[in-house]
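Working notes, structure below.
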Amino acid sequence: MRILASIGLFLAGLAAIAYAYLDAYTAIGRDIAETAERGEEVSAFNKAMDLILSGELPEPTSVLYAGLLLIAIGVVILIVSGGKKHDDGHSV
């Protein structure tokens with residue numbers, strides 16, 4: 001059961017991280033689209049090219065950090081829980 005909880009926390013953490021980055025990229029896309037709608041197509045194109053060529057990632061949000069925390073908790077649960085000892089005192 002602890003393994004399933006760890007896997008669940010790990011997947012929830014990955015989902016939170018993915019959501020944070022998708023939200024950041026859609027915000028950038030909306031900003032570029034608003035610039036293009038104002039009739040500044042060249043400026044929107046330059047803004048998009050600057051973002052692509054700079055290689056900078058969008059600024060992480062608190063959701064990203066919450067996802068990392070969930071993953072860390074899942075790993076700690078998995079390590080601390082250990083396993084059942086099947087030692088009967090007999091050497092194999």
Side-chain angles (χ1 to χ4, degrees):
M1 189 64 175
R2 290 179 183 160
I3 292 175
L4 292 177
S6 295
I7 291 172
L9 285 170
F10 183 75
L11 292 176
L14 286 180
I17 291 170
Y19 174 77
Y21 278 106
L22 287 176
D23 186 47
Y25 282 120
T26 55
I28 291 171
R30 276 185 258 133
D31 183 39
I32 292 172
E34 288 174 4
T35 304
E37 286 176 1
R38 288 193 303 252
E40 303 172 11
E41 288 85 9
V42 174
S43 177
F45 178 76
N46 287 337
K47 191 181 282 189
M49 290 306 293
D50 286 340
L51 286 171
I52 292 169
L53 293 176
S54 70
E56 294 179 11
L57 293 175
E59 185 152 335
T61 62
S62 61
V63 178
L64 176 89
Y65 296 123
L68 291 173
L69 180 65
L70 287 173
I71 290 174
I73 291 171
V75 169
V76 167
I77 288 174
L78 191 61
I79 291 172
V80 171
S81 69
K84 292 183 180 179
K85 303 294 182 198
H86 295 291
D87 188 15
D88 295 337
H90 302 302
S91 62
V92 177

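We're numbering straight along the sequence, starting at 1.
Atom CG of L69 sits in a crowded spot, with more than 12 heavy atoms from other residues, nucleotides or ligands closer than 6.0 Å.
In the hydrophobic cluster analysis, where Ile, Leu, Val, Met, Phe, Trp and Tyr join through side-chain heavy atoms closer than 4.5 angstrom, L22 is grouped apart from I17. Y21 and F10 fall within a single hydrophobic cluster, where Ile, Leu, Val, Met, Phe, Trp and Tyr side chains are chained together by heavy-atom contacts under 4.5 Å. Residues L11 and L78 share a single hydrophobic cluster, defined by chaining ILVMFWY side chains whose heavy atoms lie under 4.5 Å apart.
Counting only heavy atoms from C-beta outward, the side chains of D23 and V63 never approach each other to under 4.5 Å.
The CG atom of L14 sits 9.5 Å away from atom CG of L68, with the distance rounded to the nearest 0.5 Å.
Looking at residues two or more places apart in sequence or on another chain, you find a side-chain contact (heavy atoms from CB on, under 4.5 Å) between T35 and D31, R38, E40, S43, A44, K47.
The two atoms that bring I77 and S6 nearest to each other are CG2-OG, 3.6 Å, heavy atoms only.
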